[in-house]
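Worksheet: one structure, shown below.
Order of the sequence lines fixes the chain letters, A, B, ..., with proteins taken first and strands second; residue numbering starts at 1 for each chain. Keep in mind that the numbers below use all heavy atoms, side chains included, and drop hydrogens, waters and symmetry copies.
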Amino acid sequence: MSAVTHEAAVRRGRRRQRQRRLTVVRGVVAGVMTLLFMGPILWMISTAFKVGNQAFSATPTIFFAPTFDNFRSVFVKSQFGSALATSIFTATSSTILALLLGAGIAYPLARRRVRGQQHLAFWILSLRIVPPIVVIIPLFLMLRNVGLTGSVWSLVVIYTYMNLPLTVWLLRGFFADLPVEIEEASFVDGASRLRSFFGITLPLALPGVVATALLAFIFAWNEFLFANILTGANTRTAPVGLTEYVTPVSVEWTNIMAAGTLVVLPVWIGALAAQRYLVRGLTLGAVK
Amino acid sequence: MTSASQHDVAPAAGPSGEPVRAGVEFHGVSMTFPDGTVALEHLDLSIREGEFVVLVGPSGCGKSTALRILAGLEEATQGEVVIGGRTVTELEPQQRDVAMVFQNYALYPHKTLYENLAYPLRIRRIPKAQVAQRVEWVAELLGLTELLGRKPRALSGGQRQRVAMGRALVREPAAFLMDEPLSNLDAALRVEMRAEIRRIHDRLGVTTVYVTHDQVEAMTMGDRVAVLRDGVLQQFDDPQVLYHQPRNVFVAGFVGSPAINLALGTVGDSRDSVELADHRIVLDADHRKQLADRSPGSPVAIGIRPEAFSHDRDPELDASLNVTPELVEKLGSELLVHFRVRAAPVRTAGARAWAEGDAETISHLRDTDEGTAFVARLDARSDCRVGEPRELFFASKRMLLFDPENGESLDPDA
Ligand SMILES: Nc1ncnc2c1ncn2[C@@H]1O[C@H](COP(=O)(O)OP(=O)(O)OP(=O)(O)O)[C@@H](O)[C@H]1O
Ligand SMILES: [Mg+2]
């Protein structure tokens, strides 16, 4: 009797030990992965606060007195602030446009049988398959004809257009996941389609909408190729602005790092704020 | 509830200030879905003002479709729908002034209970104070008062069901449409809610179309019951009439639990009797008339309800069957005795179709070469034992006769 219980206790102890070992291994793996992905970003941020020779010392300095000189130089000397503002404007307005138009297309697609629906996926993929560089020259010519080159609006139009397939695709999934009966109940209760959409459908799809918005925003925020070609000196976006620190004479690493930190910051804050929705939203669409 | 308490009810008024009530009519409504599925075939149904009508039938027979057409959520391929004397065929759901309880509740998950109940009123721009009064009345009625601040996800199934009911009851529409509103409740709660819904209906007197696939629910709740099968209306009548004078074997089988026993007999030589399993059953004048067009020796489908049988000899019970019980179920107040009779089963379309998927009504025995499975519902005092032959008595006038080919009743009054 007691031998049996003793044996059981030993077995239980072993199992617990094994579990503990597993937890340690998992922790180490997770730590290494995090360091791997976060390393460059941490390095960028720390370098942003260093003076020139600290940044170039052979053994990286970990403890140093932080300086804000780089940020000052980035804002005052090179007017990176205006590039950030342009970026915020183009990314935000193109995201809003892509969401509005995307929801307008996605909702009927999710709710009604539309002829040719099966080609939707291909349309969306094809826009992603074609490298942007292929269309840049025709686009440039078209925009010049309508006089939009050098204006931020050209970027708003292009980003909206490029984000639309993504937003349509994602939003369609989120809308389709909502039980139709909830909307039907709203109709029978007397609410118009418009009211039902804004009062019932949209709030219920909010996690999906937020996730979609974030993805669209990040794309527009990071986009470089079109921004580089289509903007003028006064309408540079932040990613284009970064290249200014690479001059024929030198590469201003500390300034690049400071500006880069400023570029990462808004997306980072946005992602943190949306995290609650993001996790739920992305799985919400994935299940069905 | 006594009639005196009717005055407690906050009177809901239509646009004109007068209480609005209305009947519901289907005129030749057919529904074929784009994929070719025929859900309804030429449905004609006239529901009186203030009536409680139950649509019943097996799964997939088109009950929900009929309701959705009524609500305007589905567009019929043919026919007209009238609600309260107003043809609404072309109208949107918003304009039809009906309230619907959905099979899966369809509550608004992001709104509190209070907001869920208030929603239909808010849309109608009813003053806040009146909304509050109305919501509180409904919450009280359904025992939801304590829960008004919660969201649907924090409610039990039964509570959600009641909220779904409440959202319909909160306004006084031209008609209530209820799609299996009790299907997700446990047995006890279902029985309780059944009585509750009926009581609320009797208080408010609003025309109600109630969908269920449960024949007990249909029989106990409906003023009249419409039985559907494969999109075709089989019979629309008082529950008692459905039970005593079913128009065909399908209705006969659908109504009543356990289901009616059906087997093939033969018409007697002078059309004054039928032969069933080596027993000659002499008929009364009524039943003789039903056999007038039949030739002697031809088959006829015979239906005998389980509760028609008795183990007592009685002058009223002029017919009998000698049986050997194969299974005896003791249910306390009664015995269910299963046996087989030496007769062929009825195989018309519709016979036994009701039993698909409804385990309760299927006989525990299978039809075999030995004969057709029957069940008798006897007094608990009877001493039937498995394997011991017995004589079971019944009144020949309670027998139902059907055409063996198409399953139609031979009773001209049915
Ligand atoms: N949107 C649709 N497209 C195609 N066929 C449909 C559609 N909706 C329903 N049907 C079919 O129409 C028939 C009737 O469906 P309905 O939902 O009215 O049945 P029901 O009587 O309510 O059944 P249940 O008791 O299972 O709810 C079924 O055969 C069903 O498969
Ligand atoms: Mg249904």
Side-chain angles (χ1 to χ4, degrees), chain A residues 103 107-120 171 173-213 274 276-285 287-288, chain B residues 15 33-35 64 67-75 83 88 91-111 115-126 151-153 160 163-171 173-180:
Chain A
Y107 182 68
L109 276 176
R111 282 292 177 249
R112 290 177 185 271
R113 217 186 281 236
V114 176
R115 216 162 346 136
Q117 200 158 19
Q118 67 274 21
H119 302 306
L120 183 70
L171 290 175
F174 293 123
F175 289 141
D177 278 348
L178 298 178
V180 190
E181 285 90 348
I182 298 182
E183 276 167 32
E184 291 179 338
S186 173
F187 298 160
V188 175
D189 279 345
S192 65
R193 268 174 198 276
L194 209 62
R195 178 160 185 175
S196 301
F197 182 78
F198 285 107
I200 305 289
T201 314
L202 210 54
L204 291 181
L206 197 61
V209 173
V210 170
T212 308
R276 190 164 61 92
Y277 293 109
L278 206 56
V279 175
R280 239 182 89 205
L282 288 176
T283 53
L284 194 78
V287 179
K288 202 169 177 181
Chain B
F33 282 104
D35 65 356
S64 295
L67 217 56
R68 291 172 57 80
I69 288 174
L70 212 48
L73 298 172
E74 214 83 65
E75 202 178 324
I83 298 174
V88 296
L91 297 185
E92 293 292 318
Q94 291 88 345
Q95 305 165 307
R96 295 198 178 195
D97 192 29
V98 295
M100 183 155 172
V101 182
F102 287 76
Q103 194 164 351
N104 61 358
Y105 317 131
L107 302 179
Y108 307 125
H110 59 305
K111 293 179 183 285
E115 289 164 348
N116 263 279
L117 295 175
Y119 186 73
L121 302 178
R122 292 246 169 92
I123 285 164
R124 285 174 178 69
R125 293 170 204 275
I126 289 172
K151 293 206 172 152
R153 89 176 93 82
R160 285 180 207 175
V163 179
M165 290 286 304
R167 198 176 53 189
L169 293 172
V170 76
R171 64 203 171 97
F176 287 129
L177 314 179
M178 305 189 184
D179 194 352
E180 311 210 19

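When atom types are taken as modelled, the side chain of B:Tyr108 and the backbone of B:Glu115 share no donor-acceptor pair closer than 3.5 angstrom. A donor-acceptor pair under 3.5 Å is formed between the side chain of B:Gln94 and the backbone N or O of A:Ala191.
Here the CZ atom belonging to B:Phe102 is positioned 10.0 Å from the CD1 atom belonging to A:Ile182, to the nearest 0.5 angstrom.
Scanning both residues, A:Ala274 and A:Val210, for their nearest heavy atoms gives CB-CG1, 3.5 Å.
For a residue to count as touching a neighbouring chain, one of its non-hydrogen atoms must lie under 4.5 Å from one of that chain's; by this rule B:Leu121 does not touch chain A.
Most heavy-atom pairs under 4.5 Å with chain A, from the set B:Leu177, B:Asn104, B:Ile123: that is B:Ile123. Among B:Arg122, B:His110, B:Lys111, the residue making the largest number of heavy-atom pairs under 4.5 Å with chain A is B:His110. Interface check for chain A: of the options B:Gln103, B:Gln95, B:Arg96, B:Arg167, the most heavy-atom pairs under 4.5 Å are formed by B:Arg167.
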